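The chains referred to below are lettered A, B, ... by the order of the sequence lines, with proteins before strands, and numbering in each begins at 1. Model, not experiment: these values are computed from the prediction.
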Amino acid sequence: MTLLVAETLGIHFGGVQAVDDVSFAVETGRIFSIIGPNGAGKTTLFNLISGIYRPNTGRILLAGEDVTGLPPHRLAAKGIARTFQNLQVFYGMTVIENVMVGRHLREERRLVPAMLGLPSVTRQNRATRKKAHEILAFVGLDERIDEPAGALSYGDLRRLEIGRALALEPKLLLLDEPAAGCNPVETAELIGLVRNIAEQGVTIVLVEHDMRFVMQISDRVLVLDGGRMLAEGSPEAVRQNPEVVAAYLGRHGAREAGYARG
Amino acid sequence: MKTPIRLVSLLAAAFVAVTASGGHAVAQDIKIGTVLSATGPASFLGSPEEKTLRLYVDKINAAGGVLGKKIALVVYDDGADPTKARTFATRLIEVDKVTAMVGGTTTGTSLAMAPIFEDAHIPFISLAGAVEIIEPVRKYVFKTPQTDRMACEKIFGDLKARKLTKIGMISGTDAFGKSMHDQCLKIAGKYGISILADESYGAQDSDMTPQLTNIKNKPGIQAVVNPGFGQGPAIVTRNYRQLGITVPLYESHGVASKSYIKLAGPAAEGVRLPADALLVAEQLPKNDPQRAVDVAYKQTYEKATGEPVSTFGGHAYDGLFILVNAMKRARSTDPAKVRDEIEKTKHFIGTDGIFNMSPTDHLGLNLAAFRMLEIRNGDWKLLQAAR
Amino acid sequence: MRALLSSRWTTLGLLCLVIAALPLVFPSGYYYRVAALVWISAIAAVGLNIFMGYAGQVSLGHAGFFGIGAYAVAIGPARFGLNSWLCIFLGVFLSAALAWLVGRPILRLRGHYLAIATLGLGFLIALVLANEARWTGGPDGTAVPRLTIAGARLMEPVTWYWISGGLLTLGTALALNLENSAVGRALRALHDSEIAAALAGIDVARHKLRAFVIAAVYASLAGSALALFDGFITPDAAGFLRSIELVAMVVVGGIGSTAGSIVGAGLLVTLPQILAVFVEYEQIALGLIIMVVMIFLRRGIVPSARRLIVRRAP
Amino acid sequence: MAEVLQFCFSGLTVGAVYALVALGFTIIYNASDVVNFAQGEFVMLGGMVTVALAAAGMPLPVAAVAAVGVAAVVGVALHRLAIEPARGASPVGLIIITIGASIFIRGIAQVVFDKQFHKLPAFSGDTPFAVLGATILPQSLWVLGGTAAIVVGLHVFFERTLIGKAVAATAANRLAARLAGINTTSMMTLSFALAGAIGAVAGILVTPITLTSYNVGTLLALKGFAAGMLGGIGNPLGAVLGGLMLGLIEAFGAGYLSSAYKDGIAFVVILVVLFAFPRGLIGKRSAERV
């Protein structure tokens, strides 16, 4: 079954065509990666899918429903969650509160009961906290739940963002360079985590620079260059695509790709 | 680094220490309180008032004080904020335990404080303009400046005498200008005056040519009246000449200080305004009863402060001496007795005029207190004829 | 230690304790008056902190809502013969409605642009109050009919000490409850990152608007309380300087901290009373103290103090 | 037609003052991200110090130069003693510091000077020129000319001089400037001095028209801030445009609509402009990076 479909997406800023005629489809429960050199339009594409930008052309379908141009919080309600390349952690809150924010849509949000501190609100806080705790345990952060988020290491912050996104119980999880800035151990742990998430039936679309990471984990790979699609297919197919090797990986990259193959 | 905790405890200690001691007055002193707008938008008025009170309290004390006691003046600055004024009024009554209060620079602060003195049965002599302070009469509340209604009456009387009936008004939007503007509107009909143009400007505006252009372009206007105080009227006057408007310009008693002539420069020539005799002290006829008082106050103030005398300081002078005289007559500093004597003030010759108070008139001035002045050759000129 | 210090019960308990204990040391009505003014300002500051501290927005015109609350209880009873109690709610309703209407376009602006827009809003309210003298009495102000309860007129400082103290306790409790709810978390989240908050499903615009309306309601209530307590009000209550003062209370006390807003209000209301002894040097001292506090206690008084205590505790 | 011209003259004169205050805002904002609510106090200092020194017998031009120097020194002190030590405070915290500074400066001014209003003589007489039925004071031309000279001077300074380029670089990207070997702290201090000096020049230029006293600063800061935001903060051209527009709106508002509500009209226009252009008329438009 197809969860996410992008049809001829395009957006320009001033005279710059940042994303141009990009189409792809992602099957439910799969891991779909988007790669490309810097400035290829990967994050812009993410911003289109998550509703931060509105596309100039094309459509986005989520589980068959047209969700083009919906604002981010509406998309979140439809089951899209994401993390950010440059972290967007709520530094003024504790670790567990960050994840509790992710439960927003599952919570009663009326003002008056909240201000009165009704027993129902207290109960709900307790339930949200419990759930957040479980999620933190799942992403491996359950030891430091009441510390300020700022006290965490870079790699832990990436997990925290993933935890916050998972708290939404999304259908589609967008990960923007989840391994950026992580050391090899952290990266390896991350691969396990992403696989675990996918196994639970969450569809994952990710943007990543780390080739090893992408090749190990992806079901399909989309290559962008200059805002346009260069190739799309299985990791193996993409790796062997000479156009990709030439344009994206370059000479140096070609050698590296060769190693990866061997 | 115990700063925050120390800061809080220091504050608490300072608050109790400072407020409880109430200055360094000796128990035997007669305490007179004053809450003035020495800073903020009305500091132009509050500052000479404060200087006058300090100056004359020192003088009285140097001359032996009142009833054999020294006067201790307790001064607070309300910054023209009525809530602060009320708090300081409460403080004067409950903490400093003053006998009476001379102060209240603006109508707003005076009206805010009046009920407090009324409830505490402490005499309060206000230095602000509006008639609402003493109408309806409050038993313990008095004031010394002529009302803005009187200023309108004086101006309109002069206009009538000159057979000018169609006027334009340009008023400050501050409390002073607005209040006088409203009073003038109210009584214009009585004098057969019609107001053809009614413009205003902000208290700190720096150019009024657009408003004056509108007045200039209104056909039939025979004179312009400008209620306001501070720098506004000086700018209005200069813009008036800049635009070449030739009909007579009337300012209010709000500009009654030599600094207006200095600021407006040659543009002020020919401007008329109602004001205290104080401004023309030396020009008063020898037999004018106010002459001696006015000349003495003017010279004393100008010598001590180096600033030109203003009628605002004069209000404070009058208030202080009305109070001191009342205490002398009462031979007591009991607030109730002092109040009764203030109300009986008769033929008190002050800078504002000759005061004759009564149970129904807690101001005690009539229109004679205002003189019509004209600016000629860069100085005030007392107009004898127009009445 | 940290848990204890950040618990809402600690803040609320301390507040109740202070309100209950102060009368033991107060020698006269003057002190009740100053304290009541602190409580009243604190109500507005606690509300503003929801908008500024929780949601991370800025309002340089909040005294406008204070003014609406104040003039509602001045104009309603005097010109329309309405019950004062009803007028308090009318003021709240008007403030909330205005905040809701204006908030929708204004709150799309950010940072300093939001600052100037809110400043303009406050300025306009103060301007109308000063200019429409037929209704408001103009810049000279207007008398406010006293509140009566069972035939008794409420005007003594002691009475208002308890009324405003109670109101502040209630307002503080509500604010603290809000902080620890889904809505409060949403506000604090959008403070740190609007985009991440939106992607967590938070309707950012709606929550900013909620915070703005809540803050307007607090300010309006505080304004009504001040007007009824003083029995007299001038348009300065809605002016720019008063708005700045409210912001200063929130920031000096510690932005984001409800206890901080109360401490900030306490400091800025009592300082002029203490500094009055300096007479002409009062303004110099006031400016200096504000600068020094903000330079050395950058996060504001309460959060800075809390950090020190936590750091020293084992 | 004459009245339209008259309103223009009025609006441009007043607007030039707002523009100069807004320029000061912009220079400090660009260098340090601080919105300096003490900017109006520089204007006050320019006028009041000149008045005081002239009264003490100093020749007027010397007094004026000295006043500009005093304001520049106050600007440096503001940066070194208040802003720099508070580095890392929140933007609102910094605003509160500058408000504290403005209360402090005003407090000093009321003790050192007085609470009276003062004026300076017009540079070239008080006889107005008549232009098509409208009139303009020679001093207004001085104000407009002075503003133009400052704008051109600033442009040359930022574009042509090495030190000016260093300030501009600090404004554009502090980290990159530091990496390029620029002492960014010094550049910020220089910006504060510059803003102080410009404020003082504005004060000296307009005092013959608007008069001055120890508390003219607050309103000027407010109007200058509004002008800066109208144009788009951080853009010197926007500051000038915003200032002149604000002056014209006030003049035409007072002339054609209501003089009582002219300041209100100005703010309504600002609100409407911001709804249409959330970053001011010619502010920076940067897409958000996530």
Side-chain angles (χ1 to χ4, degrees), chain A residues 46-47 50-52 71-84 86-94 97-118 120-122 124-125 128-129 146-150 161 164-165 167-170 174, chain C residues 1-3 6-9 12 46-47 50 53-56 96 170-211 213-214 217-218 255-257 299 303 306-307 310:
Chain A
F46 254 36
N47 286 345
S50 56
I52 294 169
H73 68 271
R74 297 279 305 282
L75 290 173
K78 301 223 176 272
I80 298 182
R82 89 170 259 194
T83 67
F84 299 85
N86 52 348
L87 294 166
Q88 298 282 323
V89 173
F90 306 135
Y91 288 105
M93 306 173 92
T94 61
E97 279 176 329
N98 264 273
V99 180
M100 287 168 82
V101 170
R103 301 293 296 165
H104 184 74
L105 287 169
R106 313 265 163 191
E107 291 185 289
E108 163 69 67
R109 302 182 295 276
R110 276 184 307 168
L111 205 51
V112 175
M115 293 190 80
L116 292 178
L118 293 183
S120 63
V121 176
T122 315
Q124 173 178 291
N125 275 341
T128 303
R129 198 181 153 87
D146 282 321
E147 283 184 44
E161 276 209 339
R164 184 178 69 198
L168 222 78
E169 298 176 22
L174 309 173
Chain C
M1 192 70 190
R2 179 186 285 143
S6 56
S7 158
R8 60 183 136 159
W9 298 112
L12 213 53
V46 165
I50 293 174
Y54 295 3
L170 182 68
T172 305
L174 295 184
L176 291 170
N177 283 335
L178 181 70
E179 189 178 357
N180 295 293
S181 71
V183 180
R185 282 190 292 275
L187 293 176
R188 288 155 63 210
L190 72 88
H191 180 173
D192 286 336
S193 167
E194 285 190 18
I195 284 184
L199 280 153
I202 295 165
D203 186 339
V204 171
R206 177 152 177 262
H207 277 85
K208 280 188 194 173
L209 191 59
R210 280 176 151 186
V213 171
I214 294 170
V217 167
Y218 271 77
I255 192 157
S257 159
R299 293 158 194 275
R306 194 174 279 162
R307 275 164 73 92
V310 168

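In this structure, chain C has heavy atoms under 4.5 Å from both the backbone and the side chain of A:A114. Only the side chain of A:Q124 comes within contact range of chain C, with heavy atoms under 4.5 Å apart. Contact of A:L168 with chain C is made through the side chain alone, with heavy-atom distances under 4.5 Å. Using a 4.5 Å cut-off between heavy atoms, A:L118 makes no contact with chain C at all. For A:R74, no part sits under 4.5 Å from any heavy atom of chain C, backbone or side chain. Contacts of C:I214 with chain A are made by side-chain atoms alone, with heavy-atom separations under 4.5 Å and no backbone atom involved.
Atom CZ of C:R299 has 12 or fewer heavy atoms from other residues, nucleotides or ligands within 6.0 Å.
Put simply, the side chain of A:E108 does not reach to within 4.5 Å of the side chain of A:V121, judged on heavy atoms. Taking 4.5 Å as the limit, some side-chain heavy atom of A:M93 sits within range of a side-chain heavy atom of C:R185.
A salt bridge links A:E169 with A:R103: at least one charged nitrogen is closer than 4.0 Å to a carboxylate oxygen. Ionic pairing of A:R129 and A:D146 is present here: one or more N-O contacts between side-chain nitrogen and carboxylate oxygen are shorter than 4.0 angstrom.
With ring centers used as reference points, C:H207 lies 6.0 Å or more from A:H73.
Of the listed residues (C:G184, C:A197, C:A173, C:S193), the one with the most heavy-atom contacts under 4.5 Å to chain A is C:S193. Note on C:L178, C:V183, C:D203: by heavy-atom pairs under 4.5 Å with chain A, the leading option is C:D203. In terms of non-hydrogen atom pairs under 4.5 Å with chain A, the most contact-rich of C:L190, C:L174, C:V204 is C:L174.
The main-chain N or O of C:N180 is found under 3.5 Å from a side-chain atom of A:N125 such that the two form a donor-acceptor pair.
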